[in-house]
There are 2 protein chains.
Amino acid sequence: MPRVNNDLGRIIKQQRITIPLTLQELAATSSVSSSHLGRIERGERFPSAHILRRIAKPLGFDEDELFTLAGFLSPQTSGVAEEKSATYGNRRLDPYVAKVLAEESIEIQRAVIGILNTIKLVAKGMSKGNE
Amino acid sequence: MPRVNNDLGRIIKQQRITIPLTLQELAATSSVSSSHLGRIERGERFPSAHILRRIAKPLGFDEDELFTLAGFLSPQTSGVAEEKSATYGNRRLDPYVAKVLAEESIEIQRAVIGILNTIKLVAKGMSKGNE
DNA sequence: ATTGACATTTGCCATTTGGCGAATTAGAAT
DNA sequence: ATTCTAATTCGCCAAATGGCAAATGTCAAT
């Protein structure tokens, strides 16, 4: 049995105990077998993202909260869920561009992206030839 | 060869091509083997959270963004481009399209629209000649 | 102490993940 | 077409995941 330093398991168990729930009850509400849950709590198994997602709400965690605790998300990323209006990453999508594109079907929209990619590919080839 | 509906793989590949990167280059910067990355892209494997996390930044995704796309987080939890694009007129702007385009400068975005208009003009002329 | 009812842990196994190296395919440059 | 090179896919394998059922542990109430 991997003797790794196990924070996640202790946190999960702590939360389960304080609710309080038994492993079987948590298993019932989360659709994860109690044996697997037990092994996760004592650090013998590491939960996949699917499993984490299933047990988050029954334990009263926000999804991103558990993911952060599991080390899947870095702390700063989560808990924001705000502003987000038109910014993707740092850049913005020009409102006029958005409006015009939105009038096309999804297929056309995707095709446009395809064309853009092709152009960039060609451009790359040209710059490669220059070096 | 699971014939599952594979959005994630296509999105990842699309993003990789757009950057552009080869599988091997992405493998180098993400520390995930190229063969595994390839299988993920064509839906033969499903990436674990660890893998997803490793490839997020090299691909220019926010961590929670990729997790949401993978179905590990529900859309509302994270700050991803999701139906935040709402409706322009009656139609919607595909979130993925919006995201890709937003990574380009405003000039490029406008140029893309220009190309689209040109194509539509050409198409119109062709159909006119047929009638 | 013994029984009974639950809760937890363990043994075992099927399935999946992910890496390495070989084979195949795709692109360039003759 | 041919050859050379880089990129992708395939075959195989070790390790990990997660479920089921049996074993073990815990704790009341006899």
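Computation of the quantities below employed the complete heavy-atom set of this structure, encompassing side-chain atoms and omitting hydrogens, waters and symmetry-equivalent molecules. Protein chains get the first letters and strands the later ones, always in sequence-line order, with residue 1 at the start of each.
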What nitrogen or oxygen pairs link the protein and nucleotides 3-6 of chain D at under 3.5 Å?
none

Are any of A:R16's side-chain N or O atoms less than 4.0 Å away from OP1 or OP2 of C:dT8? yes
Send over the distance from A:E25 CD to C:dA5 P, rounded to a whole Å. 18 Å
What is the per-nucleotide protein-contact pattern of nucleotides 14-21 of chain C, from the 5' end, where B denotes a base atom under 4.0 Å from a protein heavy atom, S denotes such proximity for sugar-phosphate atoms only, and - denotes neither? ---BBBBB
For the pair A:F67 and A:F72, name the ring-plane relationship: parallel under 30°, tilted 30 to 60°, perpendicular over 60°. tilted
Whole-Å gap separating P (D:dC20) and CG (A:L23): 15 Å
Between C1' of C:dT8 and CZ of A:R42, the distance in whole Å: 7 Å
Measuring from atom CG of B:L52 to atom OG of B:S30, what distance do you get when rounded to the nearest 0.5 angstrom? 11.0 Å
So how far is it from B:I12 CD1 to B:L37 CG, rounded to the nearest 0.5 Å? 8.0 Å
Going by the ring-ring contact (aromatic ring centres under 6.0 Å, His included) test, which pairs reach into residues 11-44 of chain A, not counting sequence neighbours? none
Could you work out, with side-chain contact (heavy atoms from CB on, under 4.5 Å) as the rule, every residue matching A:I17, not counting sequence neighbours? A:K13
How far apart are the closest heavy atoms of B:A56 and B:L66, and which atoms are they? CA-CD1, 3.8 Å
Listed partners of A:R54 passing salt bridge (Lys or Arg N to Asp or Glu O under 4.0 Å), at least two apart: none
Name all residues meeting the salt bridge (Lys or Arg N to Asp or Glu O under 4.0 Å) criterion together with A:R16; count only those two or more places apart in sequence or in a different chain, and write none if there are none. A:E41
How many Å lie between CD1 on A:I17 and C1' on D:dT26, as a whole number? 13 Å
